[in-house]
Amino acid sequence: MSGDLVIVGARVRTLDPARPWASSVAIADGTVVAVGADDEVRAAAAAGSELVDGRGMAIVPGLTDSHSHPFLGALETRGADLAGAASVEQVRERLAAERRRCGGGECITGHSLEYRVFDVVEVSGELFAEAVGGNPALLTFFDFHTGVATPAALSLAGVDGARSLEGAGEVVCRADGLPTGELRESAIELVAVAMPEPTREQRLDLIAAALADMNRVGLTASHMMDGTLETPDECRTLEAGGRLTVRQVVPFTAHPSMNDDEVGAAIAAGAQAGRLWRSGWAKLFIDGVVEPGTAWLEQPDTAGRGMVPNWPDPDRYARVIARFAAAGFPSITHAIGDRGVRCALDAYRAAGQVARGPHRVEHIETMQDDQLPRFAAEGVVASQQAIHLQWMNPDHSDPWSRALGDERSRRGFRTAELRRSGAVLALGSDWPVAGYDPREGMAWARLRRRPGDSDAEAYNPEQRLTALEALEGYTTQAALAVADGEVAGRVAPGFRGDLTCFAGDPVECDADELPQLPVLMTVVDGRAVWRADDAG
Ligand SMILES: [Zn+2]
């Protein structure tokens with residue numbers, strides 16, 4: 001499916017130090033073959049290449065979302081979108097609308113529920129039972145670390161009381177022993193498995209549609225943050241049908257409940273690859289999230305929580321990482337609390353470097369001073385999602401800041417310090433946790449407040465990135481995060497033919513206006529997977 005394409009008359013910010021600016025780029029068989037002035041590039045172009053008039057186009061290397069759940073997200077964002085619903089009443093209205101949309105008597109799902117809905121009322125599934133007409137309903141919070149099940153969903157799943165679950169997993173129960181409907185971490189799965197599953201065909205259709213939507217906002221690649229033994233096959237099927245329009249790095253997710261044979265099966269499956277995807281990484285969660293107290297902290301949070309890792313035995317977590325490393329798999333660890341960050345860095349140091357790529361730590365929402373220089377010194381990639389600052393208030397009145405208290409909140413999301421320490425800093429969205437639009441992601445990294453709302457205060461403004469650093473987080477730094485520094489992240493000969501073509505330069509564009517900067521064309525592997533002029 002790779003393509004031959006020549007764009008002339010554009011303004012190309014190459015991010016290649018050897019030639020930072022150009023007006024033209026030629027791609028042959030999916031690879032950039034020439035970058036420079038129009039005449040020289042035209043001369044180098046393959047015969048029969050499609051010629052694109054690039055006047056009015058500001059081109060940058062194809063943008064990568066370094067932390068995304070494109071396949072899982074396509075499934076989990078079925079059902080009612082509860083983002084922005086601020087009260088129980090607003091959630092009920094959206095659930096009732098979803099019930100009307102799917103014609104009544106079915107299981108209802110909802111996603112992107114916000115913690116502030118429960119500022120004045122305890123989390124309970126009964127709150128929503130009537131809005132879904134007594135049907136089973138499972139709602140997930142925006143971070144997918146907490147869920148709420150209605151009484152009908154609990155009984156469908158046979159969950160009638162406390163369960164013993166790994167790590168921070170919990171079926172929250174009242175004093176009488178009956179579940180409230182709140183499900184923490186792995187407890188969500190108890191109810192999720194009882195809800196109806198789409199077929200493989202339906203799954204692939206949902207995924208392909210999500211990838212096409214990502215192309216519309218300029219994404220050409222993502223680092224998937226979940227994956228199973230089946231994911232490589234799904235990539236293969238999508239690619240064969242020309243529907244894998246966003247490149248994927250695919251890790252295998254190792255859960256604490258997996259035994260050594262299950263880990264061994266992932267290693268035996270080995271590193272697989274197609275043209276636009278490759279596997280051979282491991283993903284692990286050392287903790288949960290700050291708001292419900294499941295992030296693993298050096299000191300308890302303001303409610304005395306945060307002392308429990310997601311891997312009940314952190315030594316086993318380290319041994320699994322060492323085993324993957326010995327088999328050539330770099331590890332990617334979700335670590336939000338400072339104790340979790342330390343545990344990940346220590347496990348990586350013990351496991352040693354891996355040729356396929358660097359180890360990574362995802363999120364790093366709070367960390368200690370002595371942990372910060374270790375990223376650069378030990379070659380560990382820092383991966384952050386500045387767009388998650390949308391749930392935090394600079395006056396520390398939000399659930400995240402209240403849980404950590406003022407002192408730790410002042411050290412939240414040390415994005416600029418990480419980057420300027422010399423660490424690789426890859427940026428992403430964690431979609432479906434937050435929207436995947438890279439224009440919004442870059443704007444949040446630059447502003448640390450809502451783009452377009454210039455009266456709003458920034459959260460820890462000293463951690464703002466420059467416009468160029470923000471773009472690099474989605475290009476050159478994203479490439480380094482998966483050892484693609486010699487093939488991706490720049491527009492240069494020999495590099496992948498992935499381009500994002502805007503109507504203006506995203507670095508020069510005011511951050512408040514960046515989310516509205518039009519994407520004119522998105523090119524993956526030399527093929528235009530999205531063109532604004534086709535959209536009409
Ligand atoms: Zn994630």
Side-chain angles (χ1 to χ4, degrees), residues 64-77 83 111-115 140-147 167-169 184-186 188-189 192 207 210-211 214 219 221-228 231 246 248-256 279 281-292 294-296 309-311 317 330-337 340-341 344 359-367 380-392 400 413 415 425-438 440-441 444-445 473-474 478 481-482:
T64 295
D65 186 334
S66 292
H67 185 124
S68 183
H69 300 271
F71 289 19
L72 211 61
L75 301 172
E76 287 184 341
T77 54
H111 62 90
S112 306
L113 186 58
E114 297 184 24
Y115 288 99
T140 43
F141 281 69
F142 68 86
D143 57 18
F144 295 98
H145 287 266
T146 310
R184 294 193 184 144
E185 303 292 338
S186 57
I188 302 170
E189 213 37 42
I207 294 167
L211 299 182
M214 290 177 185
L219 285 175
S222 71
H223 302 163
M224 189 187 290
M225 287 292 136
D226 56 88
T228 66
T231 314
V246 177
Q248 301 295 336
V249 165
V250 181
F252 173 83
T253 309
H255 295 287
S279 66
W281 277 255
K283 170 78 194 294
L284 307 94
F285 288 82
I286 193 60
D287 65 357
V289 290
V290 168
E291 292 89 336
T294 52
W296 191 22
N310 187 48
W311 284 67
Y317 157 82
S331 282
I332 302 172
T333 296
H334 164 119
I336 281 185
V341 172
H359 298 299
R360 307 171 39 148
V361 184
E362 306 299 309
H363 309 307
I364 322 167
E365 292 185 5
T366 177
M367 91 179 116
V380 175
V381 171
S383 168
Q384 278 194 329
Q385 304 77 36
I387 195 170
H388 293 190
L389 293 164
Q390 66 182 289
W391 297 296
M392 291 152 72
W400 189 97
F413 287 69
T415 312
L425 175 75
L427 297 178
S429 67
D430 204 1
W431 186 73
V433 174
Y436 49 65
D437 190 329
E440 287 180 18
W444 274 95
Y474 279 88
V482 289

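Hydrogens, waters and symmetry mates are skipped; everything else that's a heavy atom, side chains included, is used. Each ligand, and each atom within it, is numbered from 1 in the order the structure gives. We number each residue from 1, following the sequence as shown.
- Taking backbone and side chain together, His69 holds an N, O or S atom under 2.8 Å from the Zn ion (ligand 1).
- Smallest separation of non-hydrogen atoms from Leu219 and Asp65: CD2-N, 3.8 Å.
- Relative orientation of the His334 and His363 rings is perpendicular, given thresholds of 30° and 60° on the angle between their planes.
- For the Zn ion (ligand 1), the nearest N, O or S atom contributed by Asp430 is named OD1.
- Using modelled atom types, one side-chain atom of Ser429 and one backbone atom of Trp431 make a donor-acceptor pair closer than 3.5 Å.
- The name of the N, O or S atom in His67 nearest to the Zn ion (ligand 1) is NE2.
- A side-chain donor-acceptor contact under 3.5 Å links Asp287 to the backbone of Ile336.
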